[in-house]
Amino acid sequence: MELRYGILSTSSIAPRFIAAVRACGKGEIVALSSRTQDKATEKAAAWNITKAYGSHEELLADKDVNIVYISNVNTAHYPWAKAALLAGKHVICEKPCTTQEAQTKELYALAREKGLFFMEAQKMLFLPAVLAVKERLGDLGEITMAELSHSFAASYNGWMFDEKAGGGPLLSSGIYAVQLMAWLFGRITDIRGTASKLDTGVEWQYILTGCTESGVLFSAKNSTKATLDNTCRIFGEKGWVELPNYWKARKAIFHVDGKEEILEFPCEHELVYEAEHIADCMEKGLLNSPVITEEISVEGIRAIEKVKSLW
């Protein structure tokens, strides 16, 4: 199937996805939309896209577009993903897929009903470094603990601390940690956390602790002010493995039986593996990804919702 992408939103991640699709050579970017025609025209020229729409409705009405990539603010994912599916488009929706477990389940059910492909864009689980760690977890012996840290300056996204937009690092970054733990070690059976919040009620940093069904305890911390080491470490009886910048990892460092082994996977566009996977799924006529399954999407947002309810 020839993929003809419509890019719904001119967000900061959109040009990275566009570059990845072009780098893998499987799909064409045929149109984009923004909330204003001026912004759409500006970005279309900058990103070399022929058609620019000043509303998302116009994009969804374009018969030349058969797959839509959604990357606007977090709370806008659900309504626009639903609108795209109802318009008969296949959908790739940036993480977090939605802000509520019920919404995520609804989108997967709607895609099945319509016979359309639907996937949460969780790039991390396609990275060769992350796949290498999963394949070689047995080298560590019995695994009992993991720790994850992530820090970033949020100033580049003005909506990051807007509660109505689904702001805060838990939704935007905590989803990486909880989905990685669930993907590697099974369902998350317990999770809780502590946060530092603004007067608006939106967190600007947090620490999570949790446990998976396989008995692995984990901690995950994130800050938009403190500079953390931005690494995932997984510990077993024979040693540990590190994934520097785990959400966009280019290397894995194994420390087993007193020896260090570094595996490196350089690439220009880390989203290229995700783009290749989408094309492969579409070629096979699948409705869902065998990697980013409905279960993984639901597990991630369920954990996030539980932490927020405790806060």
Side-chain angles (χ1 to χ4, degrees), residues 1-99 107 110-111 114 116-123 126 156-160 162 165-167 172 248 268-282 289 292:
M1 177 182 182
E2 181 184 355
L3 301 182
R4 300 185 301 278
Y5 282 96
I7 308 299
L8 191 148
S9 174
T10 52
S11 64
S12 59
I13 197 172
R16 292 160 55 199
F17 183 81
I18 292 166
V21 170
R22 289 170 172 165
C24 79
K26 298 177 181 178
E28 181 184 0
I29 311 297
V30 299
L32 67 73
S33 62
S34 188
R35 288 173 293 174
T36 67
Q37 187 61 56
D38 287 347
K39 186 67 172 288
T41 301
E42 173 196 344
K43 292 299 184 180
W47 301 339
N48 194 27
I49 299 172
T50 304
K51 289 186 280 188
Y53 295 115
S55 74
H56 301 323
E57 289 88 352
E58 290 177 274
L59 178 78
L60 297 184
D62 187 335
K63 294 182 180 180
D64 194 34
V65 171
N66 60 13
I67 185 166
V68 174
Y69 171 69
I70 294 171
S71 65
N72 42 13
V73 299
N74 291 335
T75 50
H77 290 178
Y78 164 72
W80 285 110
K82 183 175 181 178
L85 290 169
L86 290 173
K89 312 297 186 185
H90 304 287
V91 172
I92 310 301
C93 186
E94 257 306 326
K95 57 82 194 162
C97 180
T98 72
T99 60
L107 292 179
L110 179 59
K114 297 291 186 181
L116 296 167
F117 183 76
F118 181 79
M119 191 185 91
E120 180 178 16
Q122 177 53 281
K123 63 178 181 180
F126 301 107
Y156 68 92
N157 276 329
W159 58 269
M160 179 54 70
D162 181 350
S172 295
K248 56 179 180 180
E268 184 177 0
H269 307 290
E270 80 267 18
L271 276 72
V272 71
Y273 308 107
E274 177 181 80
E276 289 172 346
H277 178 78
I278 293 165
D280 182 60
C281 288
M282 297 299 294
S289 163
I292 310 297

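Throughout, residue positions are numbered sequentially from 1 according to the sequence presented.
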So Lys82 and Leu107, side-chain contact (heavy atoms from CB on, under 4.5 Å) or not? Walk me through it.
CA-CA 6 Å; Lys82 183 175 181 178; Leu107 292 179; 3.8 Å; yes

So His277 and Ser289, side-chain contact (heavy atoms from CB on, under 4.5 Å) or not? Walk me through it.
CA-CA 8 Å; His277 178 78; Ser289 163; 2.7 Å; yes

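No donor-acceptor distance shorter than 3.5 angstrom exists from the side chain of Asp64 to the backbone of Ala31, with no hydrogens or angles considered. Put simply, the side chain of Glu58 never gets that close to the backbone of Ala52: no donor and acceptor are under 3.5 Å apart. Checking side-chain atoms of Asp162 against main-chain N and O of Gly167 turns up no donor-acceptor pair under 3.5 Å. The backbone N or O of Cys24 sits nowhere less than 3.5 Å from a side-chain atom of Glu276 that would complete a donor-acceptor pair.
With Ile29 as reference, Val21 is the one residue of Thr50, Val21, Asn48, Val65 to meet the side-chain contact (heavy atoms from CB on, under 4.5 Å) rule.
Taking CG of Asp62 as the start and CG of Leu32 as the end, the distance is 11.0 Å to the nearest 0.5 Å. For the atom pair Glu274 CD and His269 NE2, the distance stands at 14.0 Å (nearest 0.5 Å). Note that OG of Ser55 and CD of Gln37 are 8.5 Å apart. Values are rounded to the nearest 0.5 Å. Expressed to the nearest 0.5 Å, how far CE of Met119 lies from SG of Cys281 amounts to 7.0 Å. One finds the SG atom of Cys93 at 12.5 Å from the CD1 atom of Ile292 (value rounded to the nearest 0.5 Å). Separating the CG atom in Leu8 from the CD1 atom in Ile92 is a distance of 13.0 Å, to the nearest 0.5 Å.
Residues Leu60 and Leu86 fail the side-chain proximity criterion, which asks for heavy atoms closer than 4.5 Å. In this structure, Phe126 and Val272 have side chains that are not in contact, with every pair of non-hydrogen atoms separated by 4.5 Å or more.
For the ring pair (Phe, Tyr, Trp, His ring centres under 6.0 Å) test, residues two or more places apart in sequence or in another chain that qualify with Tyr5 are Phe17. Under the side-chain contact (heavy atoms from CB on, under 4.5 Å) criterion, Ala14 pairs with Ile7, Ser11, Trp47, Ser71, sequence neighbours left out. Listed by chain and residue number, Ile13, Lys123, Glu270, Leu271 satisfy the side-chain contact (heavy atoms from CB on, under 4.5 Å) test with Arg16 (two or more places apart in sequence, or in another chain). Checked against ring pair (Phe, Tyr, Trp, His ring centres under 6.0 Å), Tyr273 has no partners two or more places apart in sequence or in another chain.
Across every non-hydrogen atom of Tyr69 and Ala121, the tightest pair is CE1-CB, 4.5 Å. Scanning both residues, Glu120 and Pro96, for their nearest heavy atoms gives OE2-CA, 3.5 Å. Closest approach of Lys114 and Leu85 over heavy atoms only: CG-O, 4.1 Å. Nearest heavy atoms, Thr10 versus Ser34: OG1-OG, 3.5 Å. When all heavy atoms of Leu116 and Gly88 are compared, the closest pair comes out as CD2-O, 3.6 Å. Considering all non-hydrogen atoms of both residues, Ile67 and Val91 come closest at CG1-N, 4.5 Å.
The salt bridge (charged side-chain N to carboxylate O under 4.0 Å, His left out) pairs that include a residue from residues 22-42 number zero, where partners must be two or more places apart or lie in different chains. Pairs passing the ring-ring contact (aromatic ring centres under 6.0 Å, His included) check and including a residue from residues 75-98, sequence neighbours excluded, read His56-Trp80.
Residue Lys248 places its NZ atom among 12 or fewer non-hydrogen atoms of other residues, nucleotides or ligands, all under 6.0 Å distant.
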